[in-house]
Participant: 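Quick one: structure below, then a few questions.
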Amino acid sequence: MSILKTLIILSLLLISGCSNLTSRYNPQGERDQPHLSENRFVVIHKEYKSPPISRYRLNQLLNMAMYYGPYYLYGIEPIRSINFTSELPPATFPHWAHRIRYKCNVCHLELGFSLFTGGTLITRGDNLAGRYCGRCHNGETSFTVKTTGERTCERCHIRDLGLLKGDFDTLMAKMPRRKYGDTVDWNLALTKGLIAPVDTIQGIEYPSLPLPERLKKPFAWYTRNRRVTVVFSHVKHVQWMDCAICHPEIFEIKRAGTMEFDKQKMLYGMFCGRCHMHTAFPMNNCSRCHPGVLDR
Amino acid sequence: MKSNIISVLFLVFGLIIFFLSFSTAETRGRLKRTLPPYEYGTIVMNQFSEKKGLEPVIFRHWSHRNRYTCRLCHIDLGFAMVRGGTPVQEEDNRNGQYCGACHNGKEAFSVKDRGNCKRCHSPYPVGLDQEAKRLFYKVTKTLPRGRFGNGVDWTKAEEMGKIKLIDTLDWYSFKRPKMKRDKGEIEMVPKVKGLPDIIFSHKKHAAWNGCEICHPDIFAMKKGGTRFKMIDNFNGLYCGACHGKVAFPLKDCGLCHAKPVSL
C-alpha cells in the first residue's frame, strides 16, 4: 500500500510540475507574466482573437525561422532575369556590401527597389539607362555594369557563391562582431561612427517627418500566451530608414491597429519578417526583441 | 422552438462579428507590391471588354496627366474616380463621348481606326509592357524627379512650366466662368501629439482640379466642416480618393504633415 501511495504522490507531483500543459489556454498565469513598466515603455494592449499555439508547434515554427548558414551568405538576394532565358546565373545582391555605404531609404525609396524578392523587374536596358542598379554601377559611383577587360558579368552574376567570403572578410575586417546572421553588429558600427551610410542620393532630408514624442519610447506588448513580451524601438529603426518603408504597407499606423500579428506571419515575410528573416538580423537572436528569452 | 431561435440568434450574431472584423482599422501585413514608376496610376478597365472578347483596357495616368488637367476628364468628360464607375463602351467612344472625345484622330489617335485597338486593349499584363516602359522614360526624362509614385514631381513640373496642362476641349467643354477666389492654405491639426500639422495648399490643387472635383462631393465647403482620420485616407475616402492610387501614394508623410514644429 505504501508503494502505491508513493507512486500516486510521485505521479501527482510530476503532473503538477508540467503546469505549462494546463496553463496553455490560461492567459492569466499571473506569476508567469513579466511586468511591463509604463515608465520605460509605451505598453500596447493587443487583443488576439485565437488562442496561442502549442509549445510543440511553436518550436517547429521557430526551427524553420532560424538561420544557421554561412555568415557571408546572410542578406543575399538573387535577382533573376524576368524572362528566364538568360544564360547567366541570377545576379547576387549582397546587402552587407551596400549597407556600409547606404541606408535603406536610398535603394528602397529613392531608387524604387521592392522589398520583395522578385518584386522589381530589372532589365539590362534599365541598368544601362541608369536606373536601379545602373544608377550607381555606371563606372562613376561604382564599377560599371558593362564588361571591362578584367571584369566580366560574373562579378554580379556569380556562379560560385563561396567567392563572396573573401569580399566579406576584407570589408568587415574592422567591424564590431556579434553572434548571429552575418555576424556584424551594424547598430554598434553606426552609433560608433565606424560606418557613415549615406541617407539620400536625391537630396531629401530624413527623417521626412520628425518622430512624435510618443514614439521615442520603445513599444512593448504581450504575446498571446502573455509569458513572452515583445519590445520594439522606433528610434533604432528610424536611424536606418524612413517611415515610408514600413508604414502604411507593412504596419498599420493606427494605434494597436496591426492585427493578427503573430510569429507564424514572420515566416511568410509579413510584418517583422519582411526584413528580419533574410536581411537585417535573423530570428536566432531572440533576446533582442523578446527580453528574457534565450537565443537559439 | 426556443432552442431554434437561440441557435439562429447565435448564427446571426456570429455572422455579424465575422463581417465586422473586416471593417476595422487592421492590417494583416500584406505588403502591396510597390508598382514600378511606369505603372503607378495604371487602371485596368474591364467592365465590358472581356465579355466582348477583347483584352481589358490598360489606362495609364502618366501619359495623360502630362497634357491635361484632372478636371477635364473627371468633370467635363464624366469619368468616375472609382473602379467600375464609368460604363464606357465602343459605341460611346465612336460617338465622341468619354475616350472618344479626344481619341478622334485630331487630338489623339482615333478609336475608329482598327489598327489602334491594341494600343489600349493591351495584351500585356501590368508591369510587362516594355513599349509603355520605354515611352514612359522618354516622356518623363526632362521632368523633375520625385520620390514614390511615378518618380516624377508633377506639381513642380507644372509650376516650372515643363508641362502645359489643357483644361478645356473647345468642341466638348461647356463654357464656365473662371473661378478666381484662391482660398489659400488650410492647416489641419492632427490628433497625435508631436506630429506636424498638415498644410493643405489650395493653389497647388486648383491648378489640376479646379473646384468641382473635391467640392462638395468629397469635402464640405464650410471651414472645419469635414472631419476625417488618416485611416479614411488609406481606405480611399477624402484625400485618399486621389492620393493613394493616382496622384502620389500616401507614403510620403512629410509632404503634407509639413508645418515646421516650433521649438
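Atoms considered below: every heavy atom in the structure, side chains included; atoms not considered: hydrogens, waters and symmetry mates. Quick caveat, the model's predicted, so the values are computed rather than measured. Each chain gets a letter, A, B and so on, in the order its sequence line appears, and its residues count up from 1.
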Participant: Using the ring-ring contact (aromatic ring centres under 6.0 Å, His included) criterion, which residues pair with B:Tyr38? Sequence neighbours excluded.
Facilitator: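 Counting only residues at least two positions away or on another chain, B:Tyr38 forms no ring-ring contact (aromatic ring centres under 6.0 Å, His included).
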Participant: With rounding to the nearest 0.5 angstrom, report the CD1 to NZ distance, A:Ile253 to B:Lys229.
Facilitator: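 It comes to 14.0 Å.
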Participant: Other residues, nucleotides and ligands only: do more than 12 of their heavy atoms fall within 6.0 Å of CZ on A:Arg214?
Facilitator: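 Above 12, so yes.
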Participant: Do you know which of A:Leu209, A:Leu121, A:Thr120 has the most heavy-atom pairs with chain B at a distance under 4.5 angstrom?
Facilitator: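 Max contact count across the listed options: A:Leu209.
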Participant: With sequence neighbours left out, write down each residue that passes ring-ring contact (aromatic ring centres under 6.0 Å, His included) with B:Phe136, or none if nothing qualifies.
Facilitator: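 B:Phe136 satisfies ring-ring contact (aromatic ring centres under 6.0 Å, His included) with B:Trp62 once adjacent residues are dropped.
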Participant: Does A:Lys263 have more than 12 heavy atoms from other residues, nucleotides or ligands lying within 6.0 Å of its NZ?
Facilitator: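 Counting other residues, nucleotides and ligands, NZ of A:Lys263 exceeds 12 neighbours.
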Participant: Is the count of non-hydrogen atoms from other residues, nucleotides or ligands lying under 6.0 Å from B:Phe228 atom CZ greater than 12?
Facilitator: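 Yes, enclosed.
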Participant: Quick one: what part of B:Lys133 sits under 4.5 Å from any heavy atom of chain A, side chain, backbone, both or neither?
Facilitator: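 For B:Lys133, the side chain is the part near chain A, not the backbone.
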Participant: Is the number of heavy atoms from other residues, nucleotides or ligands under 6.0 Å of A:His278 NE2 greater than 12?
Facilitator: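 Open: at most 12 neighbouring heavy atoms sit under 6.0 Å from NE2 of A:His278.
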Participant: Which distance, rounded to the nearest 0.5 Å, do you find between the CZ of B:Arg145 and the CD of A:Gln202?
Facilitator: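 Interatomic distance, B:Arg145 CZ to A:Gln202 CD, rounded to 0.5 Å: 8.0 Å.
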Participant: Under 4.5 Å, heavy atom to heavy atom, which residues of residues 199-207 of chain B contact chain A?
Facilitator: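 Answer by number: none.
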Participant: How would you list, in number order, the residues of residues 130-139 of chain A that have a heavy atom less than 4.5 Å from chain B?
Facilitator: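 Result: A:Arg131, A:Tyr132.
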Participant: Side chains of A:Ile245 and B:Lys251, heavy atoms from C-beta outward: is any pair under 4.5 Å?
Facilitator: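 Sidechains of B:Lys251 and A:Ile245: no contact.
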